[in-house]
Peer 1: 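The following block contains the structure, expressed as structure tokens.
Indexing begins at 1, ligand by ligand and atom by atom, following the structure's order.
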Amino acid sequence: NYLDAQAKKGKSIGFVPTMGALHQGHISLIEACKKENSITVSSIFVNPAQFNDPKDFNKYPVTIEQDIEMLETAGCDALLLPSVVEIYPDGQPRQHYELGHLENLLEGKFRPGHFQGVCMVMHRLLDIVKPGNLYLGQKDCQQCMVIIKLIELIGMNGSVKVNICPTLREPDGLAMSSRNLRLNEEERKRAATIFMTLCFIKDNLDKKNINQLLEQAIAMLNKKGFKVDYAIIVNAKTLEPIEVFNKDQKMVALIAAFINEIRLIDNLPLN
Ligand code: AMP
């Protein structure tokens, strides 16, 4: 009702969906949204449908009081904080989203069903909030591409503009992430290796053969005790792996790796 009334008054609505345990990365999206819209809406919903590992879901950090304070301080106008049944009413049939090759690569390959879950929740949230602008983080670069595809599939591409915001990092380079709250002191120090490895890839891109470079990158991570799902250089538009360096195409290096049982992801645009 609140948003319908705002829309009737002609106010532009910007939307920042999250799973909570907010950090400055999320707040940077709120700030970008506030600059460009009359009304800034955020949502906090730890979406069970996108967790392929129930342990990861059960241990996902929840800091709701602090989140609300951070949103208020940042000047967010409205928070959508739904329950699971409000998002997934009982008995509602599940839709399948045709995501094509995006679904089977990288995160899609290592987290089966994950992107269908992301699409389910985003479809529902977009229907409720009906934003003109949507703010997403480059940190989850494949997720951004999936959501752009979803918006096309559900015919909202004429009404929602997707804005992709840069990754905010801790002083040692670690990408801010809600999952960082699960790291103990020793793991937290080691976690910066992911960004160091991405920088190593970027710095040596034109000096080495790509396969050798990635082998070295994986060895750097293994040496620090990471279990690596992938360390890869891909075409930024298609996410297809790049085997031969070509400076004319936009490339991004991506890493997904476990530090003990906590899975972290990060990426770095290379050119
Ligand atoms: P999450 O709560 O992890 O689902 O993230 C909500 C939104 O914040 C997504 O669009 C993320 O890509 C974005 N985000 C997460 N971490 C960062 C970060 N370090 N910098 C900028 N945006 C981020």
Peer 1: Can we say E107 and R263 salt-bridge, meaning some charged N sits less than 4.0 Å from an Asp/Glu carboxylate O?
Peer 2: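 Counted as a salt bridge, because a side-chain N and a carboxylate O are separated by less than 4.0 Å.
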Peer 1: Within the 3.5 Å criterion, strictly below it, is a donor on K237 or Q249 matched to an acceptor on the partner's side chain?
Peer 2: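 Judged by distance alone, the side chains do not pair up.
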Peer 1: Distance under 4.0 Å, heavy atoms only, partner ligand 1: which residues pass?
Peer 2: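 Only P17, T18, M19, H23, G25, H26, L29, Y60, L136, G137, K139, D140, P166, T167, L168, M176 have heavy atoms that fall under 4.0 Å of ligand 1, ordered by chain and number.
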Peer 1: Using the rule that Ile, Leu, Val, Met, Phe, Trp and Tyr join whenever any side-chain heavy atoms are under 4.5 Å apart, tell me whether I87 and Y60 fall into a single cluster.
Peer 2: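 In one cluster with I87: Y60, no.
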Peer 1: Taking the six-membered ring for Trp, are Y135 and F15 closer than 6.0 Å centroid to centroid?
Peer 2: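 Ring centres of F15 and Y135 not closer than 6.0 Å.
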Peer 1: May I ask you to test the E98-E103 pair for a side-chain heavy-atom distance under 4.5 Å?
Peer 2: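 Answer no - side chains too far apart.
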Peer 1: Can you confirm whether or not the ring centre of H123 sits under 6.0 Å from the ring centre of Y97?
Peer 2: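 Here the rings of Y97 and H123 have centres that are less than 6.0 Å from each other.
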